[in-house]
Protein chains: 2
Amino acid sequence: MAKKGLDSKIIISTAAQLVEEKGYDHFSLNELALKLGVKTASLYNHIEGIQEVNSKVSHLAVSRLHLILEESIARKERDEALMSLTMAYRDFAKKNPELYKAVIKLPSSEDDQLKESGAQVVEPIIAILRKYALNEVDMIHFSRALRSAIHGFVEMEEAGFFRRHDANIDISYEKMIKGYILILNSYNN
Amino acid sequence: MAKKGLDSKIIISTAAQLVEEKGYDHFSLNELALKLGVKTASLYNHIEGIQEVNSKVSHLAVSRLHLILEESIARKERDEALMSLTMAYRDFAKKNPELYKAVIKLPSSEDDQLKESGAQVVEPIIAILRKYALNEVDMIHFSRALRSAIHGFVEMEEAGFFRRHDANIDISYEKMIKGYILILNSYNN
DNA sequence: TTACTAAAACTAATGCTATTAGTTTTAGTC
DNA sequence: GACTAAAACTAATAGCATTAGTTTTAGTAA
């Protein structure tokens with residue numbers, strides 16, 4: 001019963017690990033406590049409840065995605081940067097499918113947090129778009145469409161919606177991105 | 001304790017109603033039984049378990065969406081049909097946000113069922129695309145991109161990701177769809 | 001070195017959840 | 001009117017999140 005040196009950070013990163021191992025929908029505080037070598041009730045010395053854990057796991061997921069997106073566009077710009085970012089995004093979702101599910105679940109309650117976290121994914125996209133000749137409003141319209149396409153694609157792919165045909169799925173994705181790049185370049189320059 | 005005349009159909013449609021009322025994540029067999037005026041255990045005379053209910057609710061959701069998509073393209077074709085279908089899709093998701101969540105959850109276990117249900121949404125889209133000059137493979141690539149964009153958009157909108165700016169969200173959607181129509185028409189004709 | 005305190009662990013209990021086993025009632029048929 | 005199978009029931013189990021109350025620990029002050 002010695003103090004285990006638990007803190008919120010260890011709890012959340014272990015939770016994220018558990019989410020990836022057992023699946024987002026099968027995460028439980030019991031298993032989390034077990035993995036931490038602690039009784040379930042003891043977790044409540046460090047957390048408010050399970051929804052706080054879920055929320056923080058979502059923020060962790062977004063942070064990791066953000067990091068990867070930033071890395072993907074380092075020393076790149078325009079078409080090359082956009083292709084690199086979108087590939088890195090899908091790669092992240094494929095390597096961390098269960099954790100990625102947490103990204104879309106950022107609880108809509110805590111609105112300010114949501115804004116900040118949402119911004120983490122938009123930010124590198126906007127950074128790329130600034131190198132094209134779009135006005136501010138069109139940039140937002142375009143970024144929404146692009147994020148929709150990327151997120152929609154990786155989620156539907158993971159859910160198994162794109163299994164049916166013999167059309168190669170990597171090519172589908174690449175063609176989709178190239179379509180966006182085409183539209184982007186048509187704005188002028 | 002008279003027989004209540006329960007059957008799978010009534011159970012599933014009531015479940016769908018409950019999902020919409022209480023939210024997809026707060027659905028329970030207890031509340032379902034309560035709403036049907038029956039004890040929870042009695043449900044098991046008609047269903048295997050909760051995952052069967054979830055699965056069938058998903059199929060119901062897809063069927064309803066399919067119906068609406070078919071209606072939306074009746075007596076229309078090409079650009080007009082595509083615009084109508086995509087607007088109807090988003091409309092459905094906005095009017096039935098909780099039920100729409102069931103659409104993406106078609107359990108990946110039952111593969112054959114999944115193929116069939118997935119097909120229900122692709123089918124009317126493919127029907128429209130046949131009027132354009134795409135070959136079979138490009139049609140599949142394009143339909144994947146389009147479905148990704150539509151689904152991604154409505155899900156991210158519902159999750160609250162598009163709240164930040166003053167760019168009008170309806171216009172974002174319309175511009176996105178018009179982008180796809182532009183690409184589609186560029187294939188030739 | 002001892003006493004005190006607050007944090008962090010614990011045990012135990014509550015009320016949800018889905019599910020199963022066994023029992024009683026009902027509706028329809030022979 | 002008796003029989004049968006379906007469909008309701010009651011009761012119990014196991015797992016879940018959460019809360020209250022208790023004990024232990026680590027660190028500080030006397």
Side-chain angles (χ1 to χ4, degrees), chain A residues 1-60 98-99 101-102 105-110, chain B residues 1-60 98-99 101-102 105-110:
Chain A
M1 218 187 301
K3 289 201 180 183
K4 305 285 175 38
L6 274 197
D7 63 20
S8 179
K9 197 171 180 180
I10 295 176
I11 290 176
I12 299 306
S13 65
T14 306
Q17 205 178 318
L18 203 54
V19 162
E20 200 50 65
E21 283 171 21
K22 301 297 173 81
Y24 188 86
D25 293 329
H26 298 97
F27 169 80
S28 78
L29 292 184
N30 284 354
E31 274 188 286
L32 177 57
L34 192 69
K35 190 158 191 162
L36 289 164
V38 153
K39 299 293 172 185
T40 309
S42 305
L43 296 174
Y44 285 81
N45 285 312
H46 306 277
I47 60 168
E48 292 289 329
I50 195 173
Q51 96 281 15
E52 183 192 336
V53 176
N54 286 330
S55 172
K56 288 193 173 169
V57 166
S58 288
H59 283 102
L60 178 67
E98 296 299 329
L99 196 56
K101 288 177 187 165
K105 297 230 182 183
L106 279 174
S108 47
S109 41
E110 15 141 41
Chain B
M1 219 188 298
K3 290 199 179 183
K4 305 284 174 41
L6 274 197
D7 63 19
S8 179
K9 197 171 179 180
I10 295 176
I11 290 176
I12 300 306
S13 65
T14 306
Q17 205 179 317
L18 203 53
V19 162
E20 200 51 64
E21 283 171 21
K22 301 296 173 80
Y24 188 86
D25 294 327
H26 298 97
F27 170 80
S28 79
L29 292 185
N30 284 355
E31 273 187 287
L32 178 57
L34 191 70
K35 191 158 190 163
L36 289 164
V38 152
K39 299 293 173 185
T40 309
S42 305
L43 296 173
Y44 285 80
N45 286 311
H46 306 277
I47 59 168
E48 292 289 330
I50 195 173
Q51 97 280 17
E52 183 192 336
V53 176
N54 285 331
S55 172
K56 289 194 172 169
V57 166
S58 287
H59 284 101
L60 179 67
E98 296 299 329
L99 196 56
K101 288 176 186 164
K105 297 232 181 181
L106 278 174
S108 46
S109 41
E110 14 142 40

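As the structure is a prediction and not an experimental result, all values here were calculated from the model.
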Does a distance-only test, which skips hydrogens and angles, find a donor-acceptor pair under 3.5 Å between the side chain of A/Asn45 and the base of C/dA7? no
How close do B/Val57 and B/Ala15 get, counting heavy atoms only, and between which atoms? CG2-CB, 3.8 Å
Separation of C/dT17 C1' from B/Ile47 CD1 (nearest whole Å): 13 Å
Could you tell me the separation between the CG atom of B/Leu34 and the NZ atom of B/Lys39, rounded to the nearest 0.5 Å? 8.5 Å
If each end axis of the helix from C/dT1-D/dA30 to C/dC30-D/dG1 is fitted on five C1' pair positions, the angle between them, to 10 degrees, is 10°
Sequence-distant partners of B/Glu31, side chain to side chain donor-acceptor pair (under 3.5 Å), two or more places apart: B/Lys22
How long is the line joining OH of A/Tyr44 and P of D/dG21, in whole Å? 17 Å
Any chance you could measure B/Ser55, atom OG, to B/Ile47, atom CD1, to the nearest 0.5 Å? 12.0 Å
Measure from NE2 on A/His46 to P on D/dT18 and round the result to the nearest Å. 16 Å
Rounded to the Å, how far apart are A/Leu36 CG and C/dA8 C1'? 14 Å
Interatomic distance, B/Glu52 CD vs C/dT19 C1' [rounded to whole Å]: 14 Å
Could you work out, with side chain to side chain donor-acceptor pair (under 3.5 Å) as the rule, every residue matching A/Asn45, not counting sequence neighbours? none
Considering all heavy atoms of both residues, which atom of B/His46 and which atom of B/Leu6 are nearest to each other, and what is their separation? CE1-O, 3.3 Å
Looking at residues 11-33 of chain B, who's got a heavy atom less than 4.0 Å off DNA chain D? none
With sequence neighbours excluded, residues passing side chain to side chain donor-acceptor pair (under 3.5 Å) with B/Lys35: B/Glu21
Starting at CD of A/Glu20, measure out to NZ of A/Lys101 and round the result to the nearest 0.5 Å. 9.0 Å
Can you tell me which residue among B/Leu106, B/Val53, B/Val19, B/Leu99 is in a side chain to side chain contact (heavy atoms under 4.5 Å, CB included) with B/Ser58? B/Leu106
What distance do A/Leu60 atom CG and A/Gln17 atom CD have between them, rounded to the nearest 0.5 Å? 11.0 Å
So OG1 of A/Thr14 and CG of A/Leu32: to nearest 0.5 Å the spacing works out to 6.5 Å
Separation of D/dA26 atom P from A/Leu6 atom CG, nearest Å, is 14 Å
Quick note, A/Ile50 side chain, CB onward, closest among C/dA9, D/dA17, C/dT19 is D/dA17
Review item, nucleotides 11-14 of chain C N/O atoms under 3.5 Å of protein N/O:
none

What is the distance, rounded to the nearest whole Å, between atom CD of B/Glu48 and atom P of C/dA18? 16 Å
